[in-house]
Amino acid sequence: MLKEHIKGDVTFMYATLKGVQQEFVFSGAMKSFHARKQQLEKLKQMLHQHEQEFLRAVNKDLNKQEAEAFMMELGTVHAEITHALESLEEWMEPVNVKTPVTHTGSKSYLVNEPYGSVLIIAPWNYPIQLTFSPLVGALAAGNSAVIKPSELTPHTSSAIAAAVRATFAQEIVAVVEGDAKTSEALLKQGFDYIFFTGSVAVGKIVMKHAAEHLTPHTLELGGKSPVIVAEDAKLDLAAKRIAWGKFTNAGQTCIAPDYVMVHESVYEDFLKKLKKHTYNLFSQRTKEGTFTQIVNDKHFDRLAAFLNDGEIVLGGQSSKEDRLIAPTLLTDVDWDAPIMQDEIFGPILPVFPFKSATEVLVRVRSLPNPLALYVFSEEEQTQKLYTEQLSFGGGCINDTIMHVANPYLPFGGKGPSGIGAYHGYESFRTFSHQKGMLKQTTAFDMPLRYKSGKVMNKIIRSVFK
């Protein structure tokens with residue numbers, strides 16, 4: 001066992017750390033239900049014991065207020081752990097599958113085993129939730145884990161490192177802090193599984209490193225997640241739920257609505273309601289300085305430039321000193337404008353009118369597959385049209401972002417928005433290698449397989465037709 005938790009760019013120790021964790025997992029120490037349950041309970045206890053440190057840290061890094069931080073950062077992880085503890089014994093059971101008549105006397109089943117030492121690289125936008133939520137799945141599946149928190153939220157990174165250090169032996173869970181060079185050094189070590197959450201650009205780098213070692217991996221990325229408001233939608237409720245889903249965490253959410261397309265017959269009415277609810281939900285927080293901050297100056301400058309890409313109908317106020325941009329609604333945005341080329345990831349929301357469903361389908365399909373899609377309509381036919389004819393990771397009908405908080409739903413992207421999924425049972429499956437096993441009887445032996453010639457040829461053809 002390594003005596004000290006690693007901090008900084010100590011590349012020569014990373015391989016040793018991975019080896020220690022692999023040895024621990026392959027020793028069988030995490031094979032049993034009770035061993036895994038114990039680690040999940042320790043994680044849950046750690047979240048309770050260090051709750052105030054975590055809440056203070058995300059407040060320092062992002063100005064997140066306590067109620068929102070608890071709900072969006074800690075509450076979802078608690079739900080994941082509770083679900084895993086309730087279901088783990090069942091998840092671990094071998095799964096019997098059918099056996100064909102050609103295999104008479106045998107039985108077939110699936111067995112899940114841990115990969116070994118997994119690397120979890122977490123982002124800055126939900127630095128607690130998106131660090132510990134995948135860890136739940138990794139521990140439930142019987143792995144050890146190395147966590148790399150984001151350096152862009154340094155107070156939270158330090159709080160995570162301190163809490164993990166005080167709770168887990170390093171052969172089970174370890175934390176490595178550092179910048180992008182640290183992540184790259186870790187990726188070179190050939191971990192048994194890689195779980196990355198972050199941007200598409202960095203996701204491609206992670207995938208290249210994974211390819212060098214043929215390492216299985218999950219990429220949770222993002223994209224331009226659209227909202228479609230049909231003419232029959234309940235506009236007031238739609239506007240309220242869209243405003244909340246977009247501007248929570250200052251829009252720094254991978255599944256936040258990225259742009260809204262509204263049927264032209266209700267466009268003006270909807271826009272008035274969206275302005276009203278955005279103002280009612282967030283204006284006071286903006287004035288008193290409790291609205292979530294932009295993570296750093298680089299991201300602030302990028303977002304501030306987008307304010308010139310359309311007509312500001314609400315918001316637009318900004319302060320680089322405080323890294324604050326007020327919730328902003330834009331109209332008259334050109335589809336070729338810079339704001340529409342990549343995920344916005346901030347508190348700016350373009351709103352477009354549309355004339356027909358065909359226009360929506362063509363427009364959304366012209367962009368890479370988004371991580372999420374949201375449809376507001378009372379008609380089941382309209383709901384099915386968009387959710388079945390468009391490709392996306394997951395989403396909601398008549399709501400935004402709430403699907404991510406359901407531990408019974410898999411969460412993940414498709415193509416450019418991500419590879420693989422997690423949450424609940426899907427997390428257990430993600431961090432487990434599934435073995436297909438056949439157990440043959442020794443009570444008798446089928447002689448047919450040993451035969452050859454024309455007779456055997458006829459038998460084989462009749463069986464497999």
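Position 1 is the first residue of the sequence, and the numbers go up from there.
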Quiz item: Parallel, tilted or perpendicular for F428 and W91, by the 30°/60° rule?
Solution: tilted
Quiz item: Does any donor atom in the side chain of H48 or Q45 lie under 3.5 Å from an acceptor atom in the other side chain?
Solution: no
Quiz item: Taking atom types as modelled and ignoring hydrogens, do the side chains of Y126 and T131 form a donor-acceptor contact shorter than 3.5 angstrom?
Solution: no
Practice problem: Count the heavy atoms belonging to other residues, nucleotides or ligands that lie under 6.0 Å from CD of Q52, then report whether that count exceeds 12. | Solution: yes
Quiz item: More than 12 foreign heavy atoms under 6.0 Å from CD of E288: is that the case here?
Solution: yes
Exercise. State whether the number of non-hydrogen atoms from other residues, nucleotides or ligands found under 6.0 Å of K276 atom NZ is greater than 12.
Key: yes
Self-check item: side chain to side chain donor-acceptor pair (under 3.5 Å) between E86 and H83, intermediate numbers included
Solution: CA-CA 5 Å; E86 292 172 348; H83 178 44; 4.8 Å; no
Practice problem: May I ask you to decide if D342's main-chain N or O and K224's side chain share a donor-acceptor pair within less than 3.5 Å? | Solution: yes
Exercise. Can you see which heavy atom on V260 is nearest to which on I242, and at what distance?
Key: CG2-CG2, 4.1 Å
Quiz item: Got more than 12 heavy atoms from elsewhere within 6.0 Å of CD, E380?
Solution: no
Quiz item: Does one side chain, of H263 or S265, offer a donor that lies under 3.5 Å from an acceptor on the other?
Solution: yes
Quiz item: Is it the case that S144 and Q21 place a side-chain donor and acceptor less than 3.5 Å from each other?
Solution: no
Practice problem: Begin with the C-alpha distance, continue with both residues' side-chain angles, and end with the deciding distance and a verdict on side chain to side chain donor-acceptor pair (under 3.5 Å) for Y386 and S377. | Solution: CA-CA 10 Å; Y386 293 121; S377 172; over 6 Å; no
Quiz item: Using 4.0 Å as the upper bound for N to carboxylate O, is an ion pair formed by R285 and E68?
Solution: yes
Exercise. Verify whether the ring centers belonging to Y267 and F354 lie closer than 6.0 Å.
Key: no
Exercise. Answer with yes or no whether the side chains of T99 and S108 bring together a donor and an acceptor at under 3.5 Å.
Key: yes
Practice problem: Report, as yes or no, whether the 6.0 Å neighbourhood of atom NZ on K240 holds more than 12 heavy atoms from other residues, nucleotides or ligands. | Solution: no
Exercise. Applying side chain to side chain donor-acceptor pair (under 3.5 Å), run through D192 and Q22 and close with a yes or a no.
Key: CA-CA 9 Å; D192 299 302; Q22 287 175 325; 2.9 Å; yes
Quiz item: More than 12 non-hydrogen atoms from neighbouring residues, nucleotides or ligands closer than 6.0 Å to OH on Y279, yes or no?
Solution: no
Quiz item: Where does the angle between the aromatic ring planes of F282 and F291 fall among parallel (under 30°), tilted (30 to 60°) and perpendicular (over 60°)?
Solution: perpendicular
Quiz item: Can you check whether F345 and W124 have ring centres sitting under 6.0 Å from each other?
Solution: yes
Practice problem: Taking atom CE of M402 as the centre, report whether more than 12 heavy atoms of other residues, nucleotides or ligands fall under 6.0 Å from it. | Solution: no
Self-check item: Result of checking T430, L119, N143 against Y193 for side chain to side chain contact (heavy atoms under 4.5 Å, CB included)
Solution: T430
Exercise. Give the C-alpha distance, both sets of side-chain angles, the deciding distance and a yes or no for side chain to side chain donor-acceptor pair (under 3.5 Å) between S391 and K414.
Key: CA-CA 8 Å; S391 294; K414 181 180 180 182; 3.2 Å; yes
Exercise. Only one of L314, D236, L329, V262 passes side chain to side chain contact (heavy atoms under 4.5 Å, CB included) with L274; say which it is.
Key: L329
